[in-house]
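A short write-up of the structure that comes next.
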Amino acid sequence: ILVLGGVLYYFSMRASVPAAQPVSNAGLVAPSEKEITFKVLDQGAGASEIAARKNYAFYNAEAFATFWKKVHGEKGKPVPNVDFNKNYVIGVFAGEKPPAAAISVTRIVEEGDKRSVAIRIAEPKEDCASKSKANPYEFIVVPVSDHTGLSHTDERTKVGCD
């Protein structure tokens, strides 16, 4: 009788359990990622003193002004005013490239304790012959954050010759 009771209990419970249902992701929350707005401060192709692919972050006016003059020369564009209490400046440099090349920040996101900067580097196709060189750069202004890490990803694209 005890065994018969166990068998009946098993089958009665099994009948009340619904068939497997597909699992929906609707109730799940993706890791928090916050997009950060930024403003392009300056861009160009004449950063001849920066011959390698490099990124810089400037957290005070003195360091930024020194570097700005390195890119634009002493008598070039005047150093723009940036409120370093609220913002900082990121400079991205493509290095020495053919003249049709360009570099730009496309997106900045915060996730966890870091900021990640997405950078697009557009380079001319291989069949674009040119003996001259350019040194593309871009400066952007970004709000100050207490996120301690700053990383980047590069996306490379090919463009026409001109």
Side-chain angles (χ1 to χ4, degrees), residues 20-74 76-128 130 132-162:
Q21 298 291 319
V23 177
S24 168
N25 290 338
L28 300 178
V29 177
S32 64
E33 185 178 272
K34 178 182 173 189
E35 190 151 348
I36 304 303
T37 58
F38 60 91
K39 177 184 161 194
V40 175
L41 192 57
D42 184 44
Q43 57 188 329
S48 59
E49 289 193 37
I50 317 299
R53 168 74 185 92
K54 191 93 172 155
N55 301 327
Y56 298 90
F58 304 97
Y59 298 97
N60 65 61
E62 184 180 338
F64 175 57
T66 299
F67 201 86
W68 180 270
K69 289 175 184 172
K70 188 175 184 179
V71 172
H72 293 92
E74 287 292 328
K77 290 182 183 179
V79 180
N81 290 325
V82 175
D83 183 351
F84 283 95
N85 292 316
K86 296 178 182 176
N87 303 293
Y88 66 100
V89 175
I90 295 175
V92 295
F93 296 82
E96 194 170 87
K97 302 283 182 204
I103 189 168
S104 61
V105 173
T106 58
R107 185 173 188 230
I108 301 176
V109 294
E110 286 183 347
E111 187 172 13
D113 65 345
K114 71 174 186 169
R115 277 187 171 174
S116 181
V117 181
I119 300 167
R120 178 175 297 130
I121 301 171
E123 298 176 298
K125 296 175 183 171
E126 287 76 23
D127 60 345
C128 299
S130 177
S132 63
K133 296 291 181 189
N135 296 74
Y137 68 90
E138 184 174 74
F139 287 105
I140 63 168
V141 178
V142 184
V144 169
S145 170
D146 52 357
H147 290 74
T148 57
L150 188 60
S151 66
H152 79 277
T153 56
D154 287 349
E155 171 197 355
R156 295 185 184 274
T157 62
K158 293 293 182 182
V159 295
C161 300
D162 35 342

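Sequential numbering from 1 along the given sequence is applied to the chain's residues.
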Is the number of heavy atoms from other residues, nucleotides or ligands within 6.0 Å of [atom1] ([X]) greater than 12?
X      : atom1 : value
Asp83  : CG    : yes
Lys158 : NZ    : yes
Glu35  : CD    : yes
Lys54  : NZ    : no

- Message: Go through it in stages, so that I can follow the logic: the residues are Glu110 and Ser145, the test is side-chain hydrogen bond (donor to acceptor under 3.5 Å, both in side chains), and I'd like the CA-CA distance, side-chain angles, deciding distance and then a yes or no.
- Response: CA-CA 9 Å; Glu110 286 183 347; Ser145 170; 3.0 Å; yes
- Message: How long is the straight-line distance from CG of Asn55 back to CG of Leu150, given to the nearest 0.5 Å?
- Response: 8.0 Å
- Item | side chain to side chain contact (heavy atoms under 4.5 Å, CB included) between His152 and Val105, worked out | CA-CA 10 Å; His152 79 277; Val105 173; over 6 Å; no
- Would you say the side-chain atoms of Thr106 pair up with the backbone N or O of Ala118, donor to acceptor, closer than 3.5 Å? yes
With heavy-atom distances below 4.5 Å as the criterion, would you say the side chains of [X] and [Y] are in contact?
X      : Y      : answer
Val142 : Arg115 : yes
Arg53  : Ile103 : yes
Asn87  : Lys39  : no

- Task: Using the side chain to side chain contact (heavy atoms under 4.5 Å, CB included) rule, take Val82 and Trp68 through it: C-alpha gap first, then chi angles, then the decisive distance, then the call.
- Result: CA-CA 12 Å; Val82 175; Trp68 180 270; over 6 Å; no
- Proximity of Phe93 and Phe139 rings by center, below 6.0 Å: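 Yes, the ring of Phe93 comes within the 6.0 Å limit of the ring of Phe139, centre to centre.
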- Arg107 and Glu33 ion-paired at < 4.0 Å: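 So Arg107 pairs with Glu33 through a salt bridge.
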